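Have a look at the structure below, then the notes.
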Amino acid sequence: MAVALYARVSTTRQADKDLSIPDQLRQMRDWAKRNGYAVVKEYVEPGASATDDRRPEFQRMISDATLKPSPYEAVIVHSLSRFFRDHIASALYERQLKKSSVKLISITQQTSDDPSGEMARSIFSLFDEYQSKETGKHTLRALKENARQGFFNGSKPPFGYKTEEVDLPAAKGKKKRLVIDEAEAPTVRRIFEMYLNGLNGAEMGCLQIAVHLGERGVLRRGAKWTRNRVQQLLADTAYMGDYVFNKQDGQGHQAKPKDEWVTVPIDPVIDRQVFAAVAAKRHDRSPAVTPARVVNTPTLLTGLLRCDSCGAGMTTATGKGGRYQYYKCNTRIGRGAGACCTPAVSMPKMDNLVLAAFADKVLTPERLRDMLREMKQQLKQANSGQDETLRTLKKELVELETGTNRLYEAVEKGLLPMDDMLKVRAQKLKARREAVLIEVAGAKRMKELPVAMLSARQLDAFSTALRARVLDRSAGFSKRYLREFVSEVRFDGKRVVMRGKKAALLAAAAQKEMGTIGVPSSVPNWLLDLGSNQGPTD
């Protein structure tokens, strides 16, 4: 009888260091020889749990066994736990084999084909499942305690970190903890910076950041950055110093309750304030918060105008068969006039009021000069952090150049052969050097932002040009510019208050000649006393 052998261990560490797989195969081969069976195929699964069927070799074995005709008549395993540790799934796959006239035989748990044998196999399977769950429970408990003590349980650290082995006292062996990888951390900081502040005056989303990094050869451990990878990085709390263990179920990848999470304090790559600002921006950009229709609608204040009384958005309403248009509080629309005291307001009147206040009270040379003084102070404080980043990058650049020179020198002297492995190593050094040079250039650009070099003449010219464009409703620029510079407009029935983005205005002024206006960052509260742009609605 032709048979196939299936051997399995649970982890790659067992496969690398244990003798279990060779021993399983030896015993199964000897058993098959004693019983006169011919082994036609062997399937070896190194490092795969038997609690699910996500096993490449297992699936290949099932696929081969169910061919017509099947290449063998039986699948031999050392014990039924090697085949499956889930009672129901084991029975389903065994039934699938039986339909193809293929038996499942355990050399250590042999049973008959009668009803008593089936019952015995069910008992073995149930016990294997119970034992697996008990082992998993105790293993998870140990891993959680290991995390509480500040150690790392995973195999691959988050990008921007590396593992460092720690020698434990009293001969308890070694454990791993996460430390910042200074070769990768600058890329992490750059991604957060681009998402929060944009690049060269233009907004940067996750896709744009991924494309930007790809065009400059900046890789993620040998792989290209993608939008999803950038999104995952921006959402990972590890970068602000909170690495979370046991966040997901290992089997179904379902989120676990927060009371089961274990937070491991580690050195942060990103300041908590920066991480919080990025999180807030990601929330605001979410389609669930800001639908595409808000951006695409021709209505000037859609998505910007809010009721100051209840905080709800104000949307459009019509009267007299559509002849009159209003902005009306969503609370009043949904719950009736008694739910909110803010009245509806004429759309043309509100649009003109907001544009006039923006042009006359914000886009003035005096107001822009006040903003510029504050921005220069902020840049001065930020430059101290850029100096530290530059020092780290320049140090790594020296190390990379030294390593590359030594490598080439060893080849020239005949100490090392220029084989494929060495070529790959040289290419990696070259790619990393180019990536560091890009990071150095980016850090230098941050120290030399055009905002810092704005003159009074440029501010005057920018103020005049932008005022003309904002007030020209026929050209279609009003809404686009207003959304670039205004983050919120609030109306309480008597007055209008705007909040806007200082850095956006100043960056646009510095790049006026480019013809487009981008938003490098968002800073609320132009009007600290909330009084300089208030005005009546009638």
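Side-chain atoms are counted along with the backbone in the values below, which use heavy atoms only and exclude waters and symmetry mates. Here the structure is a predicted model, which means the values were calculated and not measured.
A 4.5 Å side-chain heavy-atom check between Val244 and Val262 finds every atom pair outside the cut-off. By the 4.5 Å heavy-atom criterion applied to side chains, Phe152 and Val264 are not counted as neighbours. Tyr239 is listed as a side-chain neighbour of Pro158, based on a closest heavy-atom distance under 4.5 Å. The side-chain heavy atoms of Val496 and Leu353, taken from C-beta on, include a pair separated by under 4.5 Å. Using a 4.5 Å cut-off on side-chain heavy atoms (C-beta onward), Asp181 and Phe159 make no contact. Between Ser346 and Tyr324 the shortest side-chain heavy-atom distance does not fall below 4.5 Å. Two residues are said to be in side-chain contact when any heavy atoms from C-beta on lie closer than 4.5 Å; Arg306 and Glu488 meet this criterion. For the pair Phe245 and Asn146, the minimum side-chain heavy-atom distance is 4.5 Å or more.
Of all heavy-atom pairs spanning Leu196 and Ala277, the tightest one is CD1-CB, 3.8 Å. A pairwise comparison of heavy atoms in Asn330 and Ala312 identifies CB-CB, 4.4 Å as the closest pair. Contact detail for Thr331 and Cys310: the closest heavy-atom pair is OG1-SG, 3.2 Å. Across all their heavy atoms, Cys307 and Cys340 have their closest contact at SG-SG, 3.5 Å. Of all heavy-atom pairs spanning Cys341 and Arg332, the tightest one is C-NH1, 4.0 Å. Between Val230 and Trp225, the shortest heavy-atom contact is CG2-CE3, 4.0 Å.
Between the OG1 atom of Thr226 and the CD1 atom of Ile209 there is a distance of 12.0 Å, given to the nearest 0.5 Å. The line from SG of Cys329 to CG of Asp492 is 12.0 Å long, rounded to the nearest 0.5 Å. For the atom pair Thr342 OG1 and Asp308 CG, the distance stands at 7.5 Å (nearest 0.5 Å). Interatomic distance, Met350 CE to Tyr327 OH, rounded to the nearest 0.5 Å: 8.0 Å. Atom NE2 of His212 is separated from atom CE of Met204 by 5.5 Å, given to the nearest 0.5 angstrom. To the nearest 0.5 Å, the span separating CG on Leu304 from CE on Met498 amounts to 10.5 Å.
Open room surrounds CZ on Arg227; 12 or fewer heavy atoms of other groups in view lie less than 6.0 Å from it. For Arg148, the CZ atom counts as densely surrounded, since its 6.0 Å shell holds more than 12 non-hydrogen atoms of other residues, nucleotides or ligands.
Side-chain atoms of Asp236 come within 3.5 Å of backbone atoms of Ala238 as a donor-acceptor pair (strictly under, hydrogens ignored). The backbone N or O of Tyr195 lies less than 3.5 Å from a partner atom in the side chain of Lys281, making a donor-acceptor pair. When atom types are taken as modelled, the side chain of Thr237 and the backbone of Asp242 share a donor-acceptor pair closer than 3.5 angstrom. Remark: side-chain polar atoms of Gln208 are paired, donor with acceptor, to backbone N or O of Gly205 under 3.5 angstrom. In this structure, Asn405 contributes its side chain and Glu401 its backbone to a donor-acceptor pair below 3.5 Å.
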Review point. Does the side-chain contact (heavy atoms from CB on, under 4.5 Å) test come out yes or no for Leu219 and Lys224, once each step is laid out?
Key: CA-CA 5 Å; Leu219 302 177; Lys224 287 186 176 181; 4.2 Å; yes
Check your understanding: Going through the distances and angles, do Val497 and Val489 end up as a side-chain contact (heavy atoms from CB on, under 4.5 Å)?
Key -> CA-CA 6 Å; Val497 177; Val489 179; over 6 Å; no
Exercise for review: Kindly indicate, with the supporting measurements, whether the criterion salt bridge (Lys or Arg N to Asp or Glu O under 4.0 Å) is fulfilled by Arg221 and Glu184.
Suggested key: CA-CA 9 Å; Arg221 295 175 179 169; Glu184 295 177 347; 3.0 Å; yes
Practice item. Given side-chain contact (heavy atoms from CB on, under 4.5 Å), test Gln325 with Thr316 step by step and report yes or no. Key: CA-CA 7 Å; Gln325 291 182 305; Thr316 56; 5.9 Å; no
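When only modelled atom types and interatomic distance are considered, Asp267 and Tyr161 share no side-chain donor-acceptor pair under 3.5 Å.
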